[in-house]
Amino acid sequence: MNESRRTDTDPDTDGHARSHWRNPVMWLVVGLPLLSIVAGVGLVITAVRTGGADPVNDPVRRVAQIQTTDLGPDAAAKRLGLSAVLRVEDGVVEVLPATGDFPRDQPLQLLLEHPVTQAEDLHLRLAPEGPGWRLQQDVDPRHDWIVQLQAANGSWRLHGRLPRGQHAARLAPSLGAPAPGAGG
């Protein structure tokens with residue numbers, strides 16, 4: 001009863017050496033690293049095609065690993081006590097002043113930022129009309145919008161968010177509530 005163990009290099013019954021590729025473990029040894037390389041290249045391609053993930057359109061200055069942005073327009077809106085209501089419905093975009101002393105004779109710049117795709121952002125110029133500012137423009141209600149309203153000269157700025165499916169949003173300075181007694 002002298003049985004010997006057979007190895008991959010032992011000859012088959014016909015006298016030929018058995019191939020290493022017939023062993024399933026060899027497929028794992030070679031296949032897993034190749035699969036991880038292909039998956040890594042796929043992830044890199046996906047990351048490059050999606051573009052940047054920076055949702056802030058403000059010009060940013062980098063100083064010793066710290067990013068700074070100009071908050072002057074936000075401070076001016078807070079100082080003036082400005083807030084407004086954005087209404088988007090039936091192909092009309094309308095901004096109505098809520099608090100503060102808005103310059104009623106000047107147009108306003110409205111930026112509706114798509115939360116993912118910068119190419120779908122809407123840059124609108126609203127003309128004074130009636131109690132506020134208006135423009136005929138369809139806005140896609142199927143996703144949220146990041147909203148920025150500012151004077152035509154950029155002297156003040158209000159921010160807000162228009163949630164998916166809603167028709168109105170409150171716009172206010174990003175630095176917090178206006179100072180007591182500000183505006184009028």
Side-chain angles (χ1 to χ4, degrees), residues 3-75 77-78 84 86-89 91 93 95 108-126 135 137-151 154 156-176:
E3 292 184 27
S4 64
R5 289 202 149 154
R6 189 175 152 179
T7 63
D8 285 342
T9 57
D10 290 340
D12 278 343
T13 54
D14 60 357
H16 293 94
R18 188 169 169 201
S19 170
H20 291 289
W21 294 108
R22 299 189 103 191
N23 186 346
V25 174
M26 181 55 90
W27 284 102
L28 290 175
V29 168
V30 174
L32 286 177
L34 287 176
L35 183 63
S36 66
I37 290 171
V38 170
V41 169
L43 287 173
V44 168
I45 289 171
T46 301
V48 168
R49 286 186 180 169
T50 58
D54 188 8
V56 178
N57 273 348
D58 295 339
V60 175
R61 200 179 84 194
R62 288 173 174 77
V63 179
Q65 301 299 323
I66 298 173
Q67 295 183 5
T68 61
T69 188
D70 181 18
L71 295 177
D74 299 300
K78 181 179 178 182
L86 169 68
R87 190 177 76 82
V88 178
E89 194 170 17
V93 176
V95 172
L108 298 178
Q109 298 291 329
L110 181 67
L111 172 60
L112 295 170
E113 294 179 272
H114 188 277
V116 178
T117 310
Q118 186 176 12
E120 294 186 36
D121 290 355
L122 297 173
H123 298 268
L124 307 175
R125 184 177 175 92
L126 283 74
L135 177 68
Q137 175 72 41
D138 286 323
V139 176
D140 186 1
R142 295 177 296 179
H143 55 77
D144 293 3
W145 290 98
I146 300 166
V147 182
Q148 179 177 302
L149 178 71
Q150 65 182 12
W156 54 265
R157 174 175 57 205
L158 301 176
H159 294 275
R161 184 174 186 92
L162 182 63
R164 176 179 64 160
Q166 292 191 11
H167 299 286
R170 179 179 178 269
L171 306 178
S174 63
L175 295 178

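Note that the structure is predicted; figures quoted are calculated from it, not measured.
- Rounded to the nearest 0.5 Å, atoms CG (L86) and CG (L110) are 6.0 Å apart.
- Considering only heavy atoms from C-beta on, V29 comes within 4.5 Å of V25 through its side chain.
- No side-chain heavy atom of L111 sits under 4.5 Å from any side-chain heavy atom of W145.
- Nearest heavy-atom pair, P141 versus R164, reported as atom, atom and distance to 0.1 Å: O-CG, 3.3 Å.
- The two residues A77 and R157 make their nearest non-hydrogen contact at CB-O, 3.3 Å.
- The CG atom of L124 sits 11.5 Å away from the CG atom of L108 when rounded to the nearest 0.5 Å.
- Across A172 and R170, no two heavy atoms sit closer than the pair CB-NH1, 3.3 Å.
- Residue L28 comes nearest to P33 through the heavy atom pair O-CD, 3.9 Å, listed as atom of the first residue, atom of the second, then distance.
- At least one donor-acceptor pair under 3.5 Å links the side chain of W27 to the backbone N or O of W21.
- Here CD of Q166 is found 11.0 Å from CZ of R161. Values are rounded to the nearest 0.5 Å.
- In this view, D140 and R142 satisfy the side chain to side chain donor-acceptor pair (under 3.5 Å) rule, not counting sequence neighbours.
- In terms of the ring pair (Phe, Tyr, Trp, His ring centres under 6.0 Å) criterion, H167 has no residue partners (sequence neighbours excluded).
- Among all heavy-atom pairs drawn from P73 and G154, the shortest one is CG-O, 3.7 Å.
- Taken from CD in Q148 to CD in E113, the straight-line distance is 6.5 Å, to the nearest 0.5 Å.
- Rounded to the nearest 0.5 angstrom, D144 CG and L162 CG are separated by 7.5 Å.
- Atom CD in Q150 sits 9.5 Å away from atom CG in D74 (nearest 0.5 Å).
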